[in-house]
Amino acid sequence: MDRIARTITPVAPFDFELTAGYLTYFQGRYATDSLVDGVYRRLLDMDGQLVLASVSSVGSLEAPELIVELQGEGLTPAVAEVATNKVAWLLGSEQKLEPFYVLAQSDPAMAAITQRFHGLHMPHTDSVFEALVLAILGQQIATNVARIIRTLLIETYGPRRTIDGEIYYAFPRPETLAALRVEDLRGMKLSQRKAEYVHGIAYTALDDPEFIEGLHSLEDEAVVRKITSLRGVGNWTAQWLLIRALGRPDALPLGDLALRRVVSRLYFQDEPQNDAQVEEFCRRWSPYRTYATTYMFTAMRTGMA
DNA sequence: ACCCAGGCATTGG
DNA sequence: CCAATGCATGGG
């Protein structure tokens, strides 16, 4: 087992615990990710080579610095370089939040939220495929149910590695999910329809990887047009893809019940708002609607809204 | 026993 | 083009 250490210098302000904890808020784990005793861990699947990244903070909010310890068989400096870049991406460390914070000052509620969660960056998924499958799994079910299903899928079909007596999982590969029968996915507590969606997306990702992973080079609108042609992917899923997989700052997941609720709670005295009203209202945060959405969800999750 | 929860595709008007 | 409906699971 080879080990290499690297550092990452995120764009300030960067709150490591808040950002790494965004995914792992439930018992410090999210199937593929963990945050225990200030160390964020994730098993990276790099062209079939499994590398465990262990990340800890040695800096501060305004002068952030992260230590990334990598371990795996045949770990070379070149591989470590790619792995470090992946970790930087996973933690959204390049995001510049200041312009959004300035915009948030024009609104007392958002100003309070951004102050409370100062330095929270938006975590990203490793691949577009991962974000797509996770979004399908999360459609129209309670987050708790979604978590159970997600964990089951990852721990059943994800590549794994035992290190120091602990099992780590990477997200299942397209070829693995594409090779399954729909009944196998139904065994993962997916509905017939979702099992078909996931299978179809895995098949597409395997058959035409560029269709999925090539979305990085397209404009937001083109991404939405292209990805919603897949069965199981509507606007809500496309917007989450822009946020979670592509790191776009101005996405807005209209149709999201939680978004409607949190906007109505924070700005309309709990008076229910429909999608058109939410869209109209959220214009004030463009071109940073991704950040506004994520911060509102975080506020809601922690009982602040 | 019900009802609902961070949607989508299909169908019927 | 828009509204209604089935889908599956687990928690309240």
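In this text, all values refer to a predicted model and were calculated from it rather than measured experimentally. In what follows, chains carry the letters A, B, and so on, assigned in the order in which the sequence lines appear, proteins first and then strands, with residues in each chain numbered from 1.
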Show your working on ring-ring contact (aromatic ring centres under 6.0 Å, His included) between A:Tyr101 and A:Tyr291 and close with a plain yes or no. CA-CA 9 Å; A:Tyr101 287 166; A:Tyr291 299 158; 8.5 Å; no
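- Rounded to an integer number of Å, the gap from CD1 of A:Ile136 to P of B:dG7 is 12 Å.
- Whole-Å rounding puts the A:Leu259 CG to B:dA5 P distance at 15 Å.
- Of the candidates B:dG6, B:dC8, C:dA8, B:dG6 carries the atom nearest the A:Trp240 side chain, counting heavy atoms from C-beta on.
- Geometrically, A:Arg147 engages A:Phe26 in a cation-pi contact, judged by NZ or CZ lying under 6.0 Å from the ring centre and within 45° of the ring axis.
- Computed from coordinates, the A:Lys194 NZ to B:dC8 P distance equals 10 Å when rounded to whole Å.
- For the pair A:Met300 and A:Leu230, nearest-nucleotide mapping onto DNA chain B gives the more 5' position to A:Met300.
- Between the side chains of A:Gln139 and A:Thr237, at least one donor N or O sits under 3.5 Å from an acceptor N or O.
- Within the 4.0 Å cut-off from OP1 or OP2 of B:dC8, not a single side-chain nitrogen or oxygen of A:Arg231 is found.
- Atom CD1 in A:Ile227 sits roughly 12 Å away from atom P in B:dA9 (whole-Å rounding).
- Taking 4.5 Å as the limit, every side-chain heavy atom of A:Leu252 sits out of range of all side-chain heavy atoms of A:Thr290.
- Among C:dG10, B:dC8, C:dA8, the nucleotide with an atom closest to any side-chain atom of A:Thr237 is B:dC8.
- Listed candidates were B:dG6, C:dA8, C:dG11. Nearest to the side chain of A:Ile141 is C:dA8.
- Separating the CG atom of A:Leu132 from the P atom of B:dC8 is a distance of 11 Å, rounded to the nearest angstrom.
- To the nearest whole angstrom, the two P atoms, one in C:dC2 and one in B:dG6, are 26 Å apart.
- Checked against B:dG6, B:dA9, C:dG11, the side chain of A:Tyr197 finds its nearest nucleotide in B:dA9.
- Closest to the side chain of A:Arg301, out of B:dG7, C:dA8, B:dG6, is B:dG6.
- Atom CD of A:Glu219 has 12 or fewer neighbouring heavy atoms from other residues, nucleotides or ligands inside a 6.0 Å radius.
- C:dG11 atom P lies 9 Å from atom CZ of A:Arg147, rounded to whole Å.
- When distances are taken from the side chain of A:Ser191 to each of B:dG6, B:dC8, C:dA8, the shortest belongs to C:dA8.
- Atom CG in A:Leu257 sits about 11 Å away from atom P in B:dC8, given to the nearest Å.
- Of all nucleotides listed (C:dG10, C:dA8, B:dG6), C:dA8 comes nearest to the side chain of A:Arg186.
- At the phosphate of B:dG7, OP1 or OP2 sits under 4.0 Å from a side-chain N or O atom of A:Gln140.
- Here the P atom of nucleotide B:dG6 and the CZ atom of A:Arg289 are 22 Å apart, to the nearest Å.
- The gap from the P atom of C:dA8 to that of B:dT11 amounts to 15 Å, rounded to the nearest Å.
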